[in-house]
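A quick write-up on the structure given underneath.
All values below were derived from every heavy atom in this structure, side-chain atoms included, with hydrogens, water molecules and symmetry-related copies excluded. Note that the coordinates shown come from a computational prediction; the quantities given were computed from them, not determined experimentally. All ligand and atom numbering here is 1-based and tracks the order in the structure.
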Amino acid sequence: MSEFDLIRRFFTRDTPHAILGVGDDAALLQVDAGNVLAVSSDMLVSGTHFLPDADPFLLGHKTLAVNLSDLAAMGAVPRWAVLAIALPEADEAWLAQFSAGFFALAQQHGVELVGGDTTRGPLNLCVTIFGEVPAQQALRRSGAQVGDDIWVSGRLGDAALALAHLQGRIALSDAGLAACLPALHQPQPRVALGLALRVIASSAIDISDGLLADLGHILDASQVGAEIEFATLPLSPTLRAHASLPLARQCILSGGDDYELCFTAPAARHAELSEIAARLGLPLTRIGKIVAGCGCIVHDAAGNPLNVETGGYDHFR
Ligand code: ADP
Ligand code: MG
């Protein structure tokens with residue numbers, strides 16, 4: 001199979017919303033009048049982001065999901081993606097599964113694959129995604145105000161807990177593992193939530209490196225501080241069952257790979273956020289508030305500050 005056969009067979013689908021898609025030297029794209037492009041890249045490297053024997057269908061899903069999560073955090077509508085892929089060999093069964101996982105999620109979100117690059121090399125998957133958003137409505141990290149509530153979507157820590165099990169750092173029951181694995185392998189990007197938050201949230205970020213690290217980026221960009229109530233953090237029953245272990249606390253606060261949204265909003269928007277949660281069937285939980293100052297304090301149930309590591313995953317530390 002030649003490089004071009006491979007691209008044609010596994011990575012070429014209809015792209016009705018592109019002026020020009022796969023097959024020329026560049027794609028041609030047009031955003032709607034009044035909108036700006038939101039652009040983001042995420043790379044998944046074998047051995048760093050996934051195990052070499054990872055299920056290719058799930059890997060296809062996750063490769064796109066982590067990029068969709070970034071657009072969700074900006075309040076952008078996802079439109080197009082390009083895929084740069086290095087493969088050790090042209091394994092047709094692997095490629096069929098990978099592209100099936102990728103396009104299943106792409107179709108769900110109306111994303112068109114309009115180009116990319118294909119080379120031989122250690123397995124490496126890099127997507128650049130393009131979305132659009134009215135210029136004034138993009139959700140930035142820098143808008144949090146003193147007095148705003150801090151919210152998170154979904155549940156925290158399940159992906160990190162499942163990874164800890166796979167790495168032998170904790171032994172979950174079969175049922176516990178089955179409950180946590182989808183968070184690790186098939187994160188659901190919160191695109192619809194990002195759109196709903198456009199005119200409500202004052203700032204937003206997606207949680208890829210752990211709650212405290214990513215909330216920390218909002219605090220730095222907004223030049224404010226935060227107080228979090230540990231007891232309010234949304235946990236799955238599996239995580240709750242292990243919540244007394246230091247490892248569980250680490251998964252919850254700095255585990256990473258959650259792909260939930262953390263955002264801030266004025267207290268007056270509480271009722272609207274409850275309506276959005278009900279409409280989307282997605283729990284939204286108020287976990288604390290923005291205060292003057294800098295940094296984040298986490299309180300335990302008695303109101304005492306917890307001694308927590310605020311750093312998330314950092315490739316170079
Ligand atoms: P060039 O050599 O001009 O950079 P390529 O030969 O790399 O072009 O790619 C040919 C066409 O296939 C281009 O339109 C490119 O965007 C597309 N393409 C290459 N790899 C992929 C991929 N993995 N997924 C989708 N499109 C791809
Ligand atoms: Mg090329």
(request) Flag Val114 as yes when one of its N or O atoms lies below 3.5 Å from any N or O atom of ligand 1, and as no otherwise. (result) no
(message) For ligand 1, which is the ligand I care about here, please tell me if Gly23 has any N or O atom under 3.5 Å from one of the ligand's N or O atoms.
(response) yes
(message) Can you tell me how the ring of Phe11 sits relative to the ring of Phe103, calling it parallel under 30°, perpendicular over 60° and tilted otherwise?
(response) tilted
Residue [X] vicinity, atoms of ligand 1 by number, heavy atom under 4.0 Å:
X	answer
Asp117	7 (O), 19 (C), 20 (N), 21 (C), 23 (N)
Ile85	23 (N)
Asp24	13 (C), 14 (O)

(request) State whether Lys62 and Asp257 are salt-bridged, where the test is any N-O pair (Lys NZ or Arg NE/NH1/NH2 against Asp/Glu carboxylate O) under 4.0 Å. (result) yes
(message) Salt bridge check, Arg155 against Glu260: does any charged N sit closer than 4.0 Å to a carboxylate O?
(response) no
What heavy-atom pair brings [X] and [Y] nearest, and what distance separates the two atoms?
X	Y	result
Ser46	Pro52	OG-CA, 3.7 Å
Cys262	Ile150	SG-CG2, 4.0 Å
Leu282	Gly154	CD1-N, 3.9 Å

(request) May I ask you to identify, for Val82, whether its side chain, its backbone, both or neither come under 4.0 Å of ligand 1 on a heavy-atom basis? (result) neither
(request) Heavy-atom distances under 4.0 Å are what count here, so tell me which part of Thr118 touches ligand 1: side chain, backbone, both or neither. (result) both
(request) Just go through Phe102, Phe11, Phe4 and tell me whose heavy atom is the nearest to atom 6 (O) of ligand 1. (result) Phe4
(request) Would you indicate which of Val22, Thr12, Leu6 comes nearest to atom 17 (C) of ligand 1 when only heavy atoms are counted? (result) Val22
(request) Determine, using heavy atoms of Phe10 and all atoms of ligand 1, whether some pair is separated by less than 4.0 Å. (result) no
(message) Is any side-chain heavy atom of Phe50 closer than 4.5 Å to one of His185?
(response) no
